[in-house]
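Quantities reported herein were computed from a predicted structural model and do not represent experimental measurements.
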Amino acid sequence: MTTTTHLGRTRPLCSYDDPELWYSPDPDERALAKTVCLRCPLRRACLTAALDAKERFGVWGGLDASERRWLAADDARWVDDEGRLRLACGTEPALRAHGRYAETCETCTAAHAARTEAARRARLAAAHAAGGTETGYLAHRLLGETVCPRCQAAHRRASKEQRRRAAARAALAAGTARLAVAS
């Protein structure tokens, strides 16, 4: 935000408004200031100047002080054309941000798929170290692999136990129903 400075022949839009708007503690007023910044032809130059000067207060170039600190602290963050502070692509937070903005990003999607596969492979390794488990069976399936004999056997045991418990619950429910009828 500059109140009287002219950059080249262009005058910043904030110079036409109340300067207090850019320094307001009210979040709604800061949002209004950011909206004005989005339309300003000097937004990027203003933001660069604020970052270079390490401005500690106010809205400059469409970002408030905390957003500018985040931007300055991490070279991988950036500001998009709509003035939103964005995170480095390829990270889980960036993938979630893309989702909030109804966007798709091949970099974030591919990185997420790689992290998911690595986590599944780690679970599978732990299952194999335990001699084969139901979790290992599921990891094999999710990875699209043929299930190893030890994980297959663990799955059979788990399925058999699950059927036994279901039968016991059904028998208990039937016995309770007979008691209710006999009463």
Side-chain angles (χ1 to χ4, degrees), residues 1-129 135-145:
M1 197 286 295
T2 60
T3 55
T4 58
T5 304
H6 296 269
L7 300 175
R9 296 184 183 273
T10 307
R11 190 169 175 194
L13 294 179
C14 58
S15 65
Y16 298 100
D17 286 318
D18 177 13
E20 295 301 315
L21 182 64
W22 276 262
Y23 292 95
S24 174
D26 180 5
D28 292 333
E29 288 185 356
R30 282 196 312 271
L32 178 59
K34 290 177 182 183
T35 302
V36 172
C37 288
L38 283 176
R39 297 188 324 262
C40 184
L42 299 174
R43 179 174 61 87
R44 292 209 183 267
C46 179
L47 178 57
T48 300
L51 291 170
D52 290 345
K54 295 181 173 52
E55 287 291 342
R56 294 179 34 206
F57 304 101
V59 173
W60 292 74
L63 297 182
D64 63 28
S66 65
E67 292 168 327
R68 288 194 309 276
R69 280 192 299 275
W70 288 340
L71 186 61
D74 184 357
D75 290 338
R77 293 181 192 222
W78 52 285
V79 179
D80 68 10
D81 292 337
E82 295 176 30
R84 300 177 297 207
L85 184 61
R86 302 302 292 263
L87 302 167
C89 285
T91 64
E92 284 298 316
L95 178 66
R96 288 190 300 274
H98 286 302
R100 281 192 305 275
Y101 299 138
E103 302 167 341
T104 56
C105 172
E106 289 181 29
T107 301
C108 287
T109 302
H112 176 74
R115 282 189 297 275
T116 301
E117 181 175 349
R120 288 175 179 163
R121 293 213 176 275
R123 283 194 299 275
L124 185 58
H128 286 160
T135 300
Y137 173 85
L138 296 172
H140 279 295
R141 298 289 306 268
L142 289 170
L143 289 166
E145 300 175 349

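Across every non-hydrogen atom of Arg43 and Gly62, the tightest pair is CG-N, 4.4 Å. Of all non-hydrogen atoms in Trp22 and Val36, the two that sit nearest each other are CZ2-CG1, 3.7 Å. Between Tyr23 and Trp60, the shortest heavy-atom contact is OH-CZ2, 3.4 Å. Here the shortest heavy-atom pairing between Ala111 and Gly90 reads CB-O, 3.3 Å. In terms of heavy-atom proximity, Lys34 sits nearest to Asp64 at NZ-OD2, 3.4 Å. Here the closest non-hydrogen pair linking Leu124 and His140 is CD1-NE2, 3.3 Å.
Between Glu67 and Arg30 there is no salt bridge, since no side-chain nitrogen of the basic residue lies less than 4.0 Å from a carboxylate oxygen of the acidic one.
Checking side-chain atoms of Ser24 against main-chain N and O of Glu20 turns up no donor-acceptor pair under 3.5 Å. Under the 3.5 Å distance criterion, the side-chain polar atoms of Arg96 are left unmatched by any main-chain donor or acceptor of Thr91.
Taken to the nearest 0.5 Å, the CG atom of Leu47 stands 5.0 Å off from the CG atom of Leu63. Of the inter-residue distances, the one linking Leu87 atom CG with Leu95 atom CG reads 11.0 Å to the nearest 0.5 angstrom.
Counting non-hydrogen atoms of neighbouring residues, nucleotides and ligands closer than 6.0 angstrom, the CZ atom of Arg141 reaches no more than 12 such neighbours.
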Inset, instruction - Apply side-chain contact (heavy atoms from CB on, under 4.5 Å) to Leu138 and Arg120, showing your working. - result: CA-CA 9 Å; Leu138 296 172; Arg120 288 175 179 163; over 6 Å; no
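Applying the side-chain contact (heavy atoms from CB on, under 4.5 Å) test to Cys89 and every residue at least two apart in sequence or in another chain returns His98, Cys105, Thr107, Cys108.
Among residue pairs with one or both ends in residues 48-58, none qualify as side-chain hydrogen bond (donor to acceptor under 3.5 Å, both in side chains); sequence neighbours excluded.
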